[in-house]
Amino acid sequence: MIAVLTRRSFLTGLLLFGLIVVAAMLAGWIAPFDPVKNNYRYRLGAPNDIFLVGTDRFGRDVLSRMLYGARVSLRIGLAVAVLSGVAGALAGLAAGWWSRADPWLMRVMDGLMAFPGLLLAIALAATLGPSEITVVVALTVAYTPRTARVMRGAVLVARAQDYVEAARAVGARTGRLLRHHVLPACAAPLVVQQTYVFAIAILAEAVLSFVGVGPPPPQPTLGSIIADGRDAMVEAPWITLAPGVAIAMLVLGLNLLGDGLRDALDPRMRRML
Amino acid sequence: MLRRRTFNAGLLASAALPMPAIAQGLQGKRGGDVIIAQQAQPPTLDAQTTTAQASRNITLHVYETLFTRDEASNPKPDLAEGVDIAADGLTYRFTLRTGVKFHNGKTMTSADVKASMERYGRIGGSAYAMKPVAAIETPDAKTVVMKLSSVSPGFIEAISSPRAPFAIMPEEECAKPLGQPAMIGTGPFRFVEFRPDSHAKLARFDDYVPNTNYQKRDGFAGRKTAFFDTVTFRFMPEGGARTAGLQTGELQVLEALDVAAAKRLKDDKNVRTYEMMPWAFQTLMMNTNWGPTANVDIRRAIQAALDLEEIMAICSDGLYRMDPAWQYPGTNYFPGIDGLDAYIKQDQAKARALLQKAGYKGEELEVVTDNAFRNHLDTGTVAAQQLRAVGMNVKLSVMDWPTVLNRRTRPDGWNLWPLGMGIEPYEGPYNVVGFFSGAQPVQIKADPVIEEAQKRLTTDLSLQGRIDAVKQFQARVYDQAISVKVGDIGIVQATRANVVNYAPYRIPRMWDCWFA
């Protein structure tokens with residue numbers, strides 16, 4: 001396991017992700033300017049030694065906005081990963097364990113999955129009104145089915161294991177079986193799945209903010225900074241480029257982390273090493 | 001005996017007293033196919049029925065109207081020689097230009113005008129303008145007499161507006177149902193084809209009869225000469241693609257170019273940019289019926305808290321004019337700007353004092369805005385921050401455009417609504433004052449003084465009386481802080497450098513210009 005965690009790809013992921021997380025957490029201290037303070041005299045200014053990543057159409061410092069924006073993106077990503085993890089785990093567990101609930105639950109999940117996730121999120125955001133919470137709710141609904149499916153598969157495998165059968169034979173109740181024998185066996189795929197959800201949610205948040213159903217202005221998110229700069233892409237490329245690179249780093253970092261975790265937690269991989 | 005007077009004597013003398021005809025028109029090079037890009041595609045090309053800019057860009061090349069607007073947006077005759085208005089204001093006698101040809105070869109007569117105006121009254125986009133018309137008579141082929149049931153001094157303003165043009169079409173086409181008439185007009189270009197999602201194509205009408213009362217183009221009026229063989233309108237939603245098309249020469253004319261892109265292309269030898277000021281009012285509408293903005297002192301505090309220039313600089317991308325008047329300078333009804341200085345200067349101390357006087361205790365102020373028009377979103381965003389700076393509790397709700405339009409008609413649930421008013425101020429005072437009065441005033445709660453001003457505007461037969469009504473309206477809006485006029489927004493139109501004699505206007509006019 002240690003060997004996996006010292007692999008170069010995993011460390012790169014950790015570095016990329018960690019760098020952004022730390023920067024976002026320290027935004028209040030390290031951001032050079034107020035992220036929502038307009039100054040139209042400095043509109044669309046190119047990067048210089050005062051505004052390191054330039055200014056946007058409102059004359060706001062893009063770097064400060066990115067730092068605060070990353071905070072929102074991470075917060076949303078984490079919330080979606082945790083919430084869809086809990087909801088998906090419960091649904092998957094129920095479907096995998098109680099065969100009578102299985103067809104119903106999974107057909108509902110299939111239905112949700114057949115619907116384009118982003119479109120669902122846009123529709124939800126349009127009804128509930130744009131805000132951070134709406135984005136979290138919408139993306140949680142959109143990504144729960146995938147998690148549920150992964151979980152169900154893992155539960156089906158676990159419940160057929162001899163040790164589960166044995167535990168049942170000695171009279172263990174369902175609650176105990178699930179808590180002590182089934183859930184631990186499913187934890188690894190769940191955690192790995194949720195790191196991907198984390199990454200996808202950050203991307204999706206960017207897309208939602210880009211089309212204008214994210215948190216309302218002037219609050220920055222990485223996606224809304226890009227949307228803001230879209231019209232001036234040729235004249236002021238730094239507004240779109242810098243947060244774009246930040247999103248790419250963040251998602252790449254998370255995916256590398258997820259890959260590393262999967263390798264580390266997969267028993268078969270462990271044997272190979 | 002009925003005493004006759006010319007329409008708006010003095011002000012519009014040229015309307016009834018045609019200038020001496022100039023035999024020679026504009027000299028330019030004929031030929032060539034010009035492609036012009038516009039953002040939206042027209043919902044229909046039935047000119048009378050739609051107020052969409054995407055439609056009138058095209059239809060105003062094909063159709064003409066009795067009266068239209070000149071360069072300064074004042075009414076001027078086009079298919080009419082002029083109009084005699086009876087002293088009681090109830091009879092309008094239009095004399096038509098003779099020998100005007102439709103694209104199907106037919107000569108236009110008073111019967112066509114009567115049928116077109118009657119059709120407009122049934123299904124026109126601004127059909128309310130025809131409401132006062134009780135009867136239309138055609139004593140002879142070149143005379144149309146409209147009998148009004150009540151005085152309507154804004155009648156010529158209304159029927160000359162290009163918002164949903166009062167297009168004159170052949171009588172037989174007028175009988176066809178909505179959207180069905182063949183596109184046959186009297187304009188300098190005739191209709192060729194319309195491919196939804198792609199383009200509309202027009203061709204030069206070689207039998208066009210120019211209006212020899214003028215020497216050159218004048219707004220939508222004047223002597224129009226078509227030089228291009230064909231004009232193609234391409235529908236391209238993405239701004240970046242339109243700009244790129246102009247740079248590569250794929251497109252020759254743009255109805256609008258992003259201001260930032262215009263700055264970048266200033267030094268491009270292949271492109272010419274034309275700034276057009278003014279294009280629209282930028283306003284911030286208030287709901288005087290609900291929540292904090294029902295209190296006049298809070299509304300005054302809002303006006304005092306705003307730095308109008310900061311809003312304008314950001315929402316217009318730098319192409320703006322600070323102009324507090326509710327009509328454009330240089331137009332017939334310009335009310336002046338005397339006494340407005342005190343209102344338009346940002347004064348945060350005054351704003352705080354007014355809030356205190358009003359007993360403001362942090363009640364939520366709801367700003368509703370859309371994300372379809374950047375000037376709206378930016379105005380809402382910047383205004384919200386400026387209001388927070390004086391201690392107001394502002395909630396900014398960003399919704400899609402149809403939702404906002406629906407929301408703002410509700411009596412509650414919103415306080416501020418940023419709106420760019422494009423065509424209304426161009427049309428004159430009627431739809432600006434009308435926006436704040438009548439059955440559905442934009443500020444929700446009808447204001448007695450504005451109602452009175454609107455009544456005077458629509459009944460007073462003297463121009464000075466009507467200008468006074470606009471002054472009364474403007475003074476009231478500022479005194480009661482009913483709405484904030486932030487400033488005037490401009491736009492940039494652009495052509496390739498080889499398009500000669502182009503002049504920017506409300507729509508890009510493809511007459512009186514040619515390829516070098």
Side-chain angles (χ1 to χ4, degrees), chain A residues 33-46 54-60 65 119 122-135 207-221 223-240, chain B residues 238-244 247 256-266 268 307-320 366-386 388-389 394-404 407 413:
Chain A
F33 293 96
D34 180 347
V36 298
K37 175 96 180 87
N38 306 329
N39 197 334
Y40 66 91
R41 281 170 200 88
Y42 298 116
R43 294 178 64 250
L44 300 179
T55 57
D56 67 3
R57 291 189 306 106
F58 292 71
R60 300 176 296 209
R65 288 182 68 70
L119 200 61
I122 290 174
L124 271 175
T127 11
L128 302 177
S131 78
E132 219 173 300
I133 294 172
T134 308
V135 173
V207 175
L208 286 179
S209 290
F210 184 79
V211 298
V213 292
Q219 190 186 33
T221 78
S224 72
I225 300 171
I226 295 179
D228 255 355
R230 159 179 59 166
D231 292 331
M233 197 131 50
V234 186
E235 295 77 26
W238 50 89
I239 309 174
T240 41
Chain B
E238 201 53 51
R242 293 195 300 271
T243 310
Q247 278 182 278
L257 179 65
D258 287 336
V259 179
K263 279 185 190 140
R264 175 167 55 87
L265 294 182
K266 226 166 203 157
D268 190 327
D307 177 352
L308 303 180
E309 179 140 22
E310 183 183 55
I311 301 178
M312 288 311 297
I314 290 172
C315 83
S316 70
D317 252 343
L319 183 55
Y320 66 96
E366 175 131 16
V367 182
V368 292
T369 183
D370 62 90
N371 47 20
F373 298 93
R374 223 181 55 198
N375 54 315
H376 295 170
L377 180 59
D378 288 355
T379 299
T381 307
V382 180
Q385 283 169 269
Q386 293 173 356
R388 282 183 192 123
V394 186
K395 180 184 169 199
L396 181 67
S397 301
V398 185
M399 294 169 263
D400 56 313
W401 178 232
T403 309
V404 173
R407 174 75 82 92

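Numbers restart at 1 for each chain; the letters A, B, ... are given by sequence-line order, proteins then strands. None of these values were measured; they are calculated from a predicted model.
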So for atom OH, which belongs to Y42(A), do other residues, nucleotides or ligands contribute more than 12 heavy atoms lying within a distance under 6.0 Å? no

As an exercise: rank T243(B), L396(B), L377(B) by heavy-atom pairs under 4.5 Å with chain A and give me the winner. L396(B)

Please name the pair of heavy atoms, one in P216(A) and one in V398(B), separated by the smallest distance, quoted to 0.1 Å. CB-CG2, 4.2 Å

If the condition is ring-ring contact (aromatic ring centres under 6.0 Å, His included), which residues does F373(B) pass it with, not counting sequence neighbours? H376(B), W401(B)

Among N371(B), D400(B), D378(B), which residue forms the greatest number of heavy-atom pairs with chain A at distances under 4.5 Å? D378(B)

Mind checking the OH-SG spacing from Y40(A) to C315(B)? Nearest 0.5 Å is all I need. 12.0 Å

Quick one: closest heavy-atom pair of A261(B) and E235(A), and the distance? CA-OE2, 3.2 Å

Interatomic distance, N38(A) atom CG to T381(B) atom OG1 [nearest 0.5 angstrom]: 8.5 Å

Assert top hit (heavy-atom pairs under 4.5 Å, partner chain A, pool V259(B), T369(B), V382(B)) equals V382(B)

Of E238(B), Q386(B), E309(B), M399(B), the largest count of non-hydrogen pairs under 4.5 angstrom with chain A goes to E309(B)

Honestly, the part of D258(B) sitting under 4.5 Å from a heavy atom of chain A is side chain

Is Q385(B) in contact with chain A via its backbone, its side chain, both, or neither, using a 4.5 Å heavy-atom distance? side chain

Between L44(A), D228(A), V234(A), N39(A), who has the most heavy-atom pairs with chain B when the cutoff is under 4.5 Å? V234(A)

Bottom line for R43(A): the part with an atom under 4.5 Å from chain B's heavy atoms is side chain

